[in-house]
Structures are given as structure tokens and as C-alpha cells.
Amino acid sequence: MASSAQSGGSSGGPAVPTVQRGIIKMVLSGCAIIVRGQPRGGPPPERQINLSNIRAGNLARRAAATQPDAKDTPDEPWAFPAREFLRKKLIGKEVCFTIENKTPQGREYGMIYLGKDTNGENIAESLVAEGLATRREGMRANNPEQNRLSECEEQAKAAKKGMWSEGNGSHTIRDLKYTIENPRHFVDSHHQKPVNAIIEHVRDGSVVRALLLPDYYLVTVMLSGIKCPTFRREADGSETPEPFAAEAKFFTESRLLQRDVQIILESCHNQNILGTILHPNGNITELLLKEGFARCVDWSIAVYTRGAEKLRAAERFAKERRLRIWRDYVAPTANLDQKDKQFVAKVMQVLNADAIVVKLNSGDYKTIHLSSIRPPRLEGENTQDKNKKLRPLYDIPYMFEAREFLRKKLIGKKVNVTVDYIRPASPATETVPAFSERTCATVTIGGINIAEALVSKGLATVIRYRQDDDQRSSHYDELLAAEARAIKNGKGLHSKKEVPIHRVADISGDTQKAKQFLPFLQRAGRSEAVVEYVFSGSRLKLYLPKETCLITFLLAGIECPRGARNLPGLVQEGEPFSEEATLFTKELVLQREVEVEVESMDKAGNFIGWLHIDGANLSVLLVEHALSKVHFTAERSSYYKSLLSAEEAAKQKKEKVWAHYEEQPVEEVMPVLEEKERSASYKPVFVTEITDDLHFYVQDVETGTQLEKLMENMRNDIASHPPVEGSYAPRRGEFCIAKFVDGEWYRARVEKVESPAKIHVFYIDYGNREVLPSTRLGTLSPAFSTRVLPAQATEYAFAFIQVPQDDDARTDAVDSVVRDIQNTQCLLNVEHLSAGCPHVTLQFADSKGDVGLGLVKEGLVMVEITEYLNAQESAKSARLNLWRYGDFRADDADEFGYSR
């Protein structure tokens, strides 16, 4: 306690009391105050000063819990106003005081002055002058101080202030409520709106006793989301502080004790309320964390209404600086270089519902486990047939759904990896198998946390940790919130519905089953499949979703280097480039969706055929990259020419399997091809329809009058001889007349007959399609057939541009084209022909602006030629539409649904 002995007067006069200084910590009542000193290396000393010569009313006291017969004592009249008068005037202020008397029991009586010396305001006199205290009975006015108290009391009586006013002062007695019958309802009734309060007591840094106003509820409030070191009560009743407990308590006391605050009531825990205390100078919850006086706690951080991420950030701030309770803190990734903590990698394989294999920029492969989540697992011991081999992917409920979610979301795409912790290797025990060292990380793609997405769909659960276990996800709170949502909505593992069952037949190597299945696959043509495993460059295991079976598949038409094989008693080495071929196939097709054409099977029950990935033939690709040779069995295949062409190109490069190839000299006269220049011959057309894949139908303007005349004659004929409803029996491919929604008849072609009520028709002069009942169709008269006037709607596609594969992006492009050119006249030039329809450029009739170029400039499509690329660069610079997040293709265009 700061003090200064001030001596005064002559040596023969009375002793002048020593003037001491301090800061008001707490007002116990209208005549009792606790003064503290300045902190020096820890909480400062403190002492209770009772004001001399005056008396104020006693405040209410709760009956002791150890005395069942005792009753609560209420406030005496004017006791609380007296306390409040001093609290508002003194708390946190610097004062000086003198001790005039000390009892044998140690109680100290004295005078307190506001300020640094005794010239300041006398607190006892101010109380008496306001009518909030009286002079002690029997006290004689025999010195100047007592005379002034007497004068102040007389003035208060004359002015009828405080207790001297009319009435008995019952209105100043609080109706204190020490317990709440239904804490949950009490908290909910405030709707998380700030409640005015006074902090009456600080138990430790994060637990206080607060008086809620204006209803005088005295409640214990625990700060949401954090916990400070506490005082441990020993068997003898003494308290032992944990490290930094006293400092944390003082930190909170010095800022909040007996201050006016606002409390957001957020939840309840027994009779204790969880809340956030707001003070004009800041949020004590975040300050405690930032100064290293508290740690975040998982069980209550979810109810913190101002954002759990703020608390985690404040805690991280203290950890990084090793403040107080974190003085010995070592980060889980402290031994990693920055480049190993955060990196971008390409996902090559999904191992499990919580583990993936990624390819680093260096070309190395790394297994990444998703932090803080647990994949689906079998519950109980007797759920699995002991005679049946467990297939985790199909037999563990929701494991297949979780794997498929990750596969469809991640395979072949670049992701951002942030390593959260390294879990060290653990030896095997009787109940737990051994685990190698695992890198646990947060993986995001397009701003989406994959672990959080899994948990929110109920396809994984969140691991619970000890409070002092720092090896957890950096987004642990979001994971807990996602799990809570999944539980509330009954998603996946938390659903009360029957678990999905996957009956997948494995016919790999089963010759009998394979023989039965072969004709079905041969008739099916191209079948959808997922590559589950790659044994070698040309041998794969496929899952056929429609047929729900697993097959072993061999690539047809090629001779791929054999890999190493383990035979009884020896290891057979692989042929040169077998590992490269296996790696090539893995990177290209593993866990991708492919199409397969089955041609035959071998003696072992393995199917042989062609595999297509993104329209490319895997056999051709292996030959093209000099990792396979063409097999003579390919001669009878339709892909033989492609294989030979690819092989010739590979031979010329003399790489890999063709490294020692010697070309036989052949004299051959090569024809000289002249480069053909682009011809531009634009003709006027009228755009009638835009399709969802950005194709469009046009009418030739030159023949427009012929169509108008034919339509007029046809409608006059129909008006004279209307078709009889139901008389026309539509057949696929037939030309007919169809009644459009505008009530008029048009020429059409039947594309599909589902039922009499659902006939799919194509309007041959306009390019649009519709589903109609047969009652709105009729026979097309020969006078108006396509022999008289060919179908006027011709289908075209834009040249030099790539249509987005993403549904939303493609819709944006289609909408833009519909707005710009549908039902308008344009100029069209055929650039090149293709199997589907001619590819053209289209110009606006008035401005001669290129429609396709406009789409590129707006960032709605991608391009293939220089002029369009320049326009694309302009769109990227302006960050329009597709390019609003920058050049996403640098990560991987496929990630966003685009293919190059």
C-alpha cells in the first residue's frame, strides 16, 4: 500500500495521523470500503477502512448454507443508495486516508479523502450531507471534523435529503432474488439482449457474481467459451491458487468489480449462467485470452454469441507470444517449415472417409488425414457375420457415402492443405492396432472445409479431446457446430432411418459369374464405371454402379510392360517402364468416373475391352506416351487406326519402350498440303432457339418468305379441315403438325412416344421442343411436307469457344445469348464442320459485333484462338463472372467444373 508519513505541527502538539494513499477496490457498505495498493509483480495488498464517526444502513445478507434455520437478512432503509453513492463516486479512483483508531480485533477506522491529499472531498461528510448516513450516537462535537459532520447532518435534515425525507425509506429496500427457478427459461426470455448489471464479486478470472438490474437477481455468471486458472479448495478449507489464478482474478477485479456493465445471457449450467460481459472499455473474455490469463473451452465456446473465431484468435495471439499460462507452449507444427505447413496439392486418391493421398508440386506423394474427425465405424461386436470377410467400404454404414462424397468432390483437383498437427506413431496394444505417424490437416477447396462438409452431412463425427490437448483442427469450433446441425437435422450417421445397405457383388476372378455377366456387358455397349484400383498400367479393378458389381478389367489392343510379381519362393522383377505405366494409369483414371466397352473375357474371368476417360481412349494414351505397344489383336478394332497413329508418333520420339527403336528407311513421296485460309462469307439468318448446351437454331432469311407463305396456307387448310382429336397415332420419326401454346399449328417431328399423354416433338422450322398429348397432334398434309419446303431450323454451335461444364456457369452463358440474339436477325459464317453440327461465328446484324467474342469479353465462356484469348485476358483483368476469383485454372480448371 502506498503511503507517505506527513508530520505537521510543533513537537509538543498532538500527533498528526499518517496520510496513506491507495485505490478504491470495493465498497462493502455505506461506511466500509476496501482500498488496495498499486500492483508490483502480482496482486497488490489491500485493507478494509471503516469510516469514523458515522453509521450507514446494513446491506442485505443471505443466510449461511450451514445454518438451515437461519433466514435471509434484507437491506436496511437507505443502505443500498448509500452503497451506490460511494460506488459510483469512488470505484477505481485514487484516494488518501488516515487511520484514527484500530480495535483489538484489527478493525481500522479512519477518514477517506478523494484525491491525493486531505484537501480533497471528505467522503464521510459527503455521505452525511446527502442524508445517506448519520453521526454515531453519543458522539460529541469536540473537534473540527465532528463539528463539520454535525453541520452536514443538520443541513440534510433541513433539506429533507435521503433518510430525512418523508416516509420510512421502504422504497430503497431491494427485493433480492438469490436463486432462479428455471434458469433456462430465464436466459431464453432475454433473447440474448444486453442486461444492465453490477459485478458484485469476482470468484476467479472467469467467474463472477452479478446483480442484474432492475429486478435484483443475484446470479453467478461464467464467461462463455473460456476458463481461467482457479483456486483449489483443500481438505482443511484453505484455497491453493493454480499458477496465474491470483493474477487472472486481479485482472478481472481491477476492470469489472462493482462496475456498471452489460451482460449477454447466452446459456446456463446448473444454477450458473453462461454469458459475455460487455464494458465500455472492451470485452473481458477476449482480453483475458489475449493476455494469456485464460484458455478456450470446447463445452461452452459454441454459445459465445460474438464469434468463436475471435476467441480462438485471441488465444492464438497469447500462445504465439507465450504469455503467462502459455509460457511453456510449443505449437504442434513448430518443427515444420512454412512450406510444409501450408501448401497446394492435387488429390490423387481417397483412402478412407478421413484420409486422402495428394501429389505435391515436387512430384512426391503424401497421405493427409483430415483433422479432428472420425470416419464411420462398426458399432458393437456382433454386427458382422464372422464367416464373411469384412469389406469396410461397403459393410460399414455410411462409409461408402462418405468415400463417394470425397471422391466426387476432390479427385483430380487441387486443394489447399493446412497442417494442424502431426500425430506420432503408436505401437500396437491388445485392443488397438499400431499406427504410423500421421499428418493431420485442414483441407479446403473453393473455400469449403472438406472435413466440415463431411460432418455437416452426417458422414463423419468430431473427435473429443482433453481440454489441454492442442492437437486438433484449426477449425475445431466449426466442426462442432456442423456436427450439432447434423444431429439436429438427423443427417447420415445421426439419422433414425434404416442405414443404407450396399450389396456389391465381386466377380473378379470368378469365371462362372463372369461368363454369365459377359453377354449383358457386351450388349450394353459403353457402361459407366469407377476405377477402384490400378494393379498395373493395363489391369484395373472397376465398380459398375448400375450393375452394383466389381470386375477386373484388362485394356484391349495393347501390350503393356508387366509389373513385378511375388511368386512362391522368388520375386519376379518387372519389365522396364512397368512402374511408369502403372503410375500414368493411376494418375489418369484412379477413382475417376470412366466409360468401358467390354469385348471379351479371359480364362481367369477378367473382362477385356476399351476404357474411355473424358472422351480419350486409355489404350491409345498409353501407346501415345510410349508406355505400351500395339497388340495384333487390335487389328479388328475400330480403334486400330488411332493406335497405329499414336504408335508411329511414339516411335519417332524414341522414348521409353521405343528408346532403342531403329526406323526402317522407306522411300515415300509426301504430298505437299497447302494451308487453307479461313473464308468469311456471312449470310443473314434469324435466330429462333437457344439450347441449354449453347447450340442454337436459325432460319435462313432468304427463305423466310417461303416459310411464311407455307404456314399461312397450312393454317387455312387446317381451319377448313380441322384434325379430329385422337385420330392421329404418332410414331417416332414421323412428321406431323403440333398445336403450340399460342394456339397455332406448326410442322413438327415426333422424337419419342412415352404414352398417349406424353409425346416428345421437335418443331422443325423453329428448333424448340415440347411434350404434348396426342390430342394436340395431327397428320401433316403432303402439300406442306419437307419435300415442298425443307425444315427451316438448322442447328449450329459457336466456333472457337468452350462451353462451361458447370451448370450454373453454363446457365449464365445461355441466359446472356438468349437476351442478346434470340428472335433477332444476325450474320452467320460457317468456320468448320464437325460430327454433331457445323461450328460458326455469329455477328450482330447492326453493329457487326462478334457474339462469341462478346461472351468471352463478359467472362462467360473460354476460348481456343488468339483473338478470343485476348478478349478472355481482358475479362480476366476486369474479374468478370467466371474470373471474379482470378484465374482458377492455375489450380485446376476441373476443380470448378471446366475442362480445357
Side-chain angles (χ1 to χ4, degrees), residues 343-360 364-378 390-420 423 435-436 438-446 448-463 473 479 482 492-493 500 502 504 506 528-535 540-545 548 550 553 582-594 611 613-614 891-892 894-897:
F343 52 87
V344 176
K346 188 175 182 179
V347 178
M348 305 308 298
Q349 186 180 0
V350 176
L351 293 176
N352 201 339
D354 70 337
I356 58 176
V357 176
V358 299
K359 185 179 181 182
L360 308 177
D364 295 332
Y365 286 79
K366 189 178 184 69
T367 299
I368 300 293
H369 291 261
L370 299 179
S371 299
S372 300
I373 69 167
R374 181 177 286 119
R377 56 184 178 179
L378 281 177
L390 177 68
R391 297 182 302 172
L393 182 61
Y394 307 111
D395 295 335
I396 296 178
Y398 293 102
M399 180 67 86
F400 182 74
E401 285 77 7
R403 197 290 300 262
E404 282 297 274
F405 174 81
L406 293 181
R407 184 185 68 78
K408 292 176 180 178
K409 192 86 176 170
L410 300 181
I411 283 295
K413 298 175 183 175
K414 290 200 173 180
V415 294
N416 295 300
V417 180
T418 303
V419 176
D420 295 319
R423 178 159 290 178
F435 285 105
S436 57
R438 285 181 284 177
T439 300
C440 299
T442 297
V443 177
T444 60
I445 181 171
I448 297 170
N449 182 344
I450 293 302
E452 184 182 351
L454 263 178
V455 171
S456 66
K457 291 180 179 294
L459 300 176
T461 54
V462 181
I463 298 171
S473 168
L479 295 182
L493 292 163
H502 300 282
V504 178
D506 190 350
E528 293 179 355
V530 175
V531 179
E532 289 290 355
Y533 192 77
V534 175
F535 299 102
L540 312 96
K541 192 166 193 174
L542 306 181
Y543 169 65
L544 305 180
T548 60
L550 293 164
F553 188 81
T582 303
L583 187 61
F584 176 85
T585 300
K586 267 188 179 180
E587 292 195 356
L588 195 63
V589 302
L590 182 59
Q591 291 188 336
R592 312 288 180 98
E593 292 171 5
V594 298
L611 185 145
I613 173 79
D614 295 331
D891 293 333
D892 193 338
D894 290 343
E895 175 182 332
F896 294 85

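Heads up: numbering here begins at 1 and tracks the sequence. Computed from a prediction, not measured in an experiment: that's the story for all the values here. Heavy-atom basis, side chains included; hydrogens, waters and symmetry copies ignored.
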For E528, what residues pass the salt bridge (charged side-chain N to carboxylate O under 4.0 Å, His left out) criterion, not counting sequence neighbours? none
In chain order, what residues pass the ring pair (Phe, Tyr, Trp, His ring centres under 6.0 Å) check against F535, with sequence neighbours excluded? Y533
Between Y365 and L583, is the side chain to side chain contact (heavy atoms under 4.5 Å, CB included) condition met? List the steps. CA-CA 11 Å; Y365 286 79; L583 187 61; 3.3 Å; yes
Listed partners of E404 passing salt bridge (charged side-chain N to carboxylate O under 4.0 Å, His left out), at least two apart: R407
If the condition is salt bridge (charged side-chain N to carboxylate O under 4.0 Å, His left out), which residues does K366 pass it with, not counting sequence neighbours? none
Polar side-chain atom of R592 near backbone of E587 as donor-acceptor pair, under 3.5 Å: yes
Would you give the length of the straight line joining atom CZ of R374 to atom CD1 of I463, rounded to the nearest 0.5 angstrom? 5.0 Å
Could you tell me which residues satisfy side chain to side chain donor-acceptor pair (under 3.5 Å) with Q349, sequence neighbours excluded, listed by chain and number? none
Sequence neighbours excluded, the answer for side chain to side chain donor-acceptor pair (under 3.5 Å) partners of S371 is D420
Going by ring pair (Phe, Tyr, Trp, His ring centres under 6.0 Å), name the residues that satisfy it together with Y398, two or more places apart in sequence or in a different chain. none
Using only atom types and a distance under 3.5 Å, with no angle test, would you say the side chain of S456 pairs donor to acceptor with the backbone of A453? yes
Donor-acceptor check, side chain of E532 to backbone of L550, threshold 3.5 angstrom: yes or no? no
Who pairs with F343 by ring pair (Phe, Tyr, Trp, His ring centres under 6.0 Å), at least two apart in sequence or on another chain? none
F405: partners by ring pair (Phe, Tyr, Trp, His ring centres under 6.0 Å), with sequence neighbours left out: none
Results of side chain to side chain donor-acceptor pair (under 3.5 Å) for D354 - residues two or more places apart only: none
Any ion pair linking K457 and E401 (charged N to carboxylate O, less than 4.0 Å)? no
Could you pull out all residues at least two apart from K541 that satisfy side chain to side chain donor-acceptor pair (under 3.5 Å)? D506
Who pairs with K408 by salt bridge (charged side-chain N to carboxylate O under 4.0 Å, His left out), at least two apart in sequence or on another chain? none
